[in-house]
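These figures come from a predicted structure and were not determined experimentally. As the structure lists them, so they are numbered: ligands from 1, and atoms in each ligand from 1. Start at 1 with the first residue, then count along the sequence.
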Amino acid sequence: MKIIVTGGAGFIGGNYIHIMQKKHPEDEIICLDALTYAGNIETLAQVMQKPNFKFVKGDIADRAAVFKLFAKEKPDIVINFAAESHVDRSLLNPELFLQTNIIGTSVLLDACREYGIKRYHQVSTDEVYGDLPLDRPDLFFTEETPLHTSSPYSASKASADLLVLAYYRTFGVPVTISRCSNNYGPYHFPEKLIPLMIVNALKNKPLPIYGKGENIRDWLYVEDHCTAIDLIVRSGKVGEVYNIGGHNEKTNLQVVQAILKELGKGEESICYVADRLGHDRRYAIDPTKIKHELGWEPITGFDEGIKKTIIWYITHKLWWQRIVNGEYQTYYKNMYYGR
Ligand code: NAD
Ligand code: TYD
């Protein structure tokens with residue numbers, strides 16, 4: 001099987017490529033990635049020389065380049081991880097999110113239509129459902145929950161989902177969509193909560209918590225997300241949406257406390273900063289459908305996953321030090337100084 005993986009130099013796509021190279025060595029993977037600030041070719045260093053792997057630098061919204069690639073490679077499967085993925089950045093520059101997340105998706109769908117594929121899989125997010133109140137722990141997102149987005153990021157991801165379903169209904173493109181909760185693990189860009197807190201703690205810098213730290217996220221170890229996507233692509237029903245999550249809800253403060261405890265550090269470095277605009281209160285996935293239909297269950301619990309993640313950041317300092325010493329410094333100052 002020939003698979004185009006977009007956004008494979010990013011966090012989840014990179015993990016997906018590493019895991020799939022081991023799980024399905026017979027497959028050929030072509031990674032299409034624009035190498036934005038979030039893409040890091042070093043993430044793919046181990047697979048770069050493999051005969052069944054190819055890296056192509058390119059923008060998913062570049063119609064001519066995408067069509068050329070499809071004409072040349074004639075992929076069986078396309079898995080679209082490529083996106084602008086950070087909510088805070090979507091507050092600074094919404095238009096970029098519309099360009100990559102919506103226009104980029106439409107270009108890929110058109111190429112799938114033109115060249116014919118066995119499956120197009122859209123990697124989406126639980127953020128398309130909006131948020132849940134903090135005082136209703138009985139509520140969860142199901143696949144039937146209406147789309148009700150809060151940020152330019154989630155609005156762009158929801159728009160892309162609607163396009164994907166439209167191409168299924170109208171043109172018969174064989175699609176699936178997965179909507180996963182927050183991921184964590186190796187190769188996670190240190191602008192997101194967990195890697196940012198680990199890196200700041202390792203550098204003895206303040207740990208900025210938005211608002212009171214009461215917002216809740218449903219954390220999933222990235223490997224479990226990747227195995228769920230693989231299962232959906234190979235055995236999921238065309239035209240369907242699958243939620244992915246493992247009932248690992250934590251407040252942001254609990255997450256930060258767990259990281260500090262694991263590192264043997266006190267909590268004096270925690271600092272509470274101005275809240276994020278439109279900050280979603282709680283995300284919580286009901287994964288019943290994927291469990292019943294495809295037999296998927298997460299393997300790694302939060303305690304084990306956070307230990308593994310911290311160890312990875314301690315043993316891969318060069319990977320993140322190159323990032324935090326570069327352009328990221330400007331972003332960090334704009335986002336956090338004087339907040
Ligand atoms: P990421 O920001 O770490 O990586 C995104 C990758 O896409 C980078 O390699 C970047 O270079 C590439 N990219 C960006 N714009 C591109 C373009 N126009 N053309 C080609 N490549 C481009 O993101 P991530 O956290 O790995 O997320 C991957 C996908 O999973 C996204 O679609 C995101 O919405 C979704 N998702 C993420 C999470 C999470 O917790 N991180 C949870 C659920 C769903
Ligand atoms: P993030 O990792 O950006 O993911 P998302 O907003 O897509 O869920 O943030 C996770 C949670 O952590 C979210 O409630 C915002 C909060 N947060 C902080 O409190 N401080 C920070 O510096 C960051 C980046 C996030």
Side-chain angles (χ1 to χ4, degrees), residues 5-16 31-41 43-44 56-62 65-66 79-91 96-97 99-101 103-105 107-108 122-128 131 150-151 153-154 156-158 160-161 178-185 187-197 200 206-220 222 225-226 229 243-245 250-253 255-256 270-276 278-283 285 332 335-336 339:
V5 171
T6 72
F11 165 45
I12 306 175
N15 276 283
Y16 185 83
C31 171
L32 172 65
D33 196 298
L35 294 181
T36 68
Y37 81 93
N40 189 343
I41 201 75
T43 295
L44 296 172
V56 177
K57 185 171 183 298
D59 183 343
I60 57 164
D62 180 342
V66 167
I79 307 179
N80 183 24
F81 291 91
E84 286 294 333
S85 69
H86 191 33
V87 172
D88 288 330
R89 288 191 191 243
S90 82
L91 311 182
L96 179 59
F97 283 67
Q99 178 64 20
T100 289
N101 299 358
I103 304 297
T105 298
V107 168
L108 291 173
Q122 177 75 357
V123 181
S124 187
T125 164
D126 60 354
E127 301 194 27
V128 299
D131 65 350
S150 316
S151 69
Y153 164 66
S154 54
S156 67
K157 293 294 291 184
D161 283 11
S178 54
R179 295 181 180 147
C180 189
S181 59
N182 286 62
N183 283 212
Y184 66 104
Y187 302 112
H188 203 179
F189 195 89
E191 66 185 352
K192 306 274 171 63
L193 180 74
I194 288 184
L196 181 131
M197 296 298 164
N200 279 16
L207 309 190
I209 292 189
Y210 299 166
K212 294 183 184 151
E214 288 170 343
N215 302 58
I216 292 172
R217 296 293 182 264
D218 184 358
W219 294 98
L220 188 71
V222 62
H225 185 188
C226 293
I229 291 173
N243 282 355
I244 307 172
K250 304 248 174 269
T251 67
N252 294 336
L253 182 58
V255 168
V256 174
I270 292 179
C271 68
Y272 293 90
V273 302
D275 210 350
R276 172 187 278 173
H279 198 171
D280 279 340
R281 294 160 296 176
R282 171 175 170 250
Y283 302 145
I285 283 275
Y332 199 86
M335 185 55 69
Y336 292 96
R339 188 165 182 161

Taking atom types as modelled, find out whether K212 and T251 have a side-chain donor-acceptor pair closer than 3.5 angstrom.
no
* **Side-chain donor-acceptor pair present, D126, S181, cut-off under 3.5 Å** => no
Closest contact, heavy atoms only, [X] versus [Y]:
X    : Y    : result
S156 : N101 : OG-ND2, 3.0 Å
Y153 : S90  : N-OG, 3.2 Å
P206 : C271 : CB-SG, 3.9 Å
V128 : D161 : CG1-OD2, 4.0 Å
S154 : E127 : CB-O, 3.4 Å
A34  : K57  : O-NZ, 3.7 Å

Output yes when a side-chain donor or acceptor of [X] lies under 3.5 Å from a complementary backbone atom of [Y], and no otherwise.
X    : Y    : answer
R179 : S124 : no
T6   : A82  : yes
D131 : R281 : yes

To the nearest 0.1 Å, how far is [atom] from its closest protein heavy atom, and which atom is that?
atom                    : result
atom 30 (O) of ligand 1 : V123 CG1, 3.4 Å
atom 41 (N) of ligand 1 : I12 CD1, 3.7 Å
atom 4 (O) of ligand 1  : G10 CA, 3.4 Å
atom 40 (O) of ligand 1 : N183 N, 2.9 Å
atom 43 (C) of ligand 1 : C180 O, 3.4 Å
atom 5 (C) of ligand 1  : A83 O, 3.5 Å
atom 10 (C) of ligand 1 : T36 OG1, 3.3 Å

Please tell me if the side chains of L253 and I270 come closer than 4.5 Å, counting only heavy atoms from C-beta onward. yes
Side-chain contact, heavy-atom cut-off 4.5 Å: S178 with Q122?
->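 No. Closest side-chain heavy atoms not under 4.5 Å.
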Heavy atom under 4.0 Å from ligand 1: found in [X]'s side chain, backbone, both, or neither?
X    : value
Y16  : neither
F189 : neither
L35  : backbone

If we only count N/O pairs under 3.5 Å, is [X] in contact with ligand 1?
X    : result
N40  : no
A34  : yes
N182 : no
I60  : yes

By number and element, which atoms of ligand 1 are closer than 4.0 Å to a non-hydrogen atom of [X]?
X    : result
D59  : 17 (C), 18 (N), 19 (N)
S124 : 43 (C), 44 (C)
A9   : 9 (O)
G39  : 8 (C), 9 (O), 10 (C), 11 (O)
S181 : 42 (C), 43 (C)
K157 : 31 (C), 32 (O), 33 (C), 34 (O)
S85  : 1 (P), 2 (O), 23 (O)
Y153 : 33 (C), 34 (O)

| said: With a 4.0 Å heavy-atom cut-off, what residues sit around ligand 2? | reply: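 Close residues (ligand 2, cut-off 4.0 Å): H86, V87, E127, N182, E191, K192, L193, L196, M197, P208, I209, Y210, N215, R217, N252, R276, H279, Y283, Y336.
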Exercise for review: State the OG1-CG distance between T43 and N15, to the nearest 0.5 angstrom.
Suggested key: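 It comes to 8.5 Å.
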In this structure, does ligand 1 have an atom that sits under 4.0 Å from one of the heavy atoms of A61?
no
With sequence neighbours left out, the residues meeting side-chain contact (heavy atoms from CB on, under 4.5 Å) with Y37 are E84, H86, R89, F189, E191, E327
Give the single entry among W219, Y187, F11, F81 that approaches atom 29 (C) of ligand 1 most closely by any heavy atom.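 Considering heavy atoms of W219, Y187, F11, F81, the nearest to atom 29 (C) of ligand 1 sits in F81.
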Note: heavy atom closest to atom 15 (N) of ligand 1, options T100, D33, L220, L32, belongs to T100
Of L193, D275, N215, the one forming a side chain to side chain contact (heavy atoms under 4.5 Å, CB included) with Y210 is D275
I244 and its side chain to side chain contact (heavy atoms under 4.5 Å, CB included) partner, picked from V123, I285, L220:
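So, applying the side chain to side chain contact (heavy atoms under 4.5 Å, CB included) to I244 and each of V123, I285, L220, only L220 qualifies.
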Measure the acute angle between the ring planes of F81 and Y16, then classify it against the limits of 30° and 60° as parallel, tilted or perpendicular.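 If you compare the ring of F81 with that of Y16, the planes turn out tilted.
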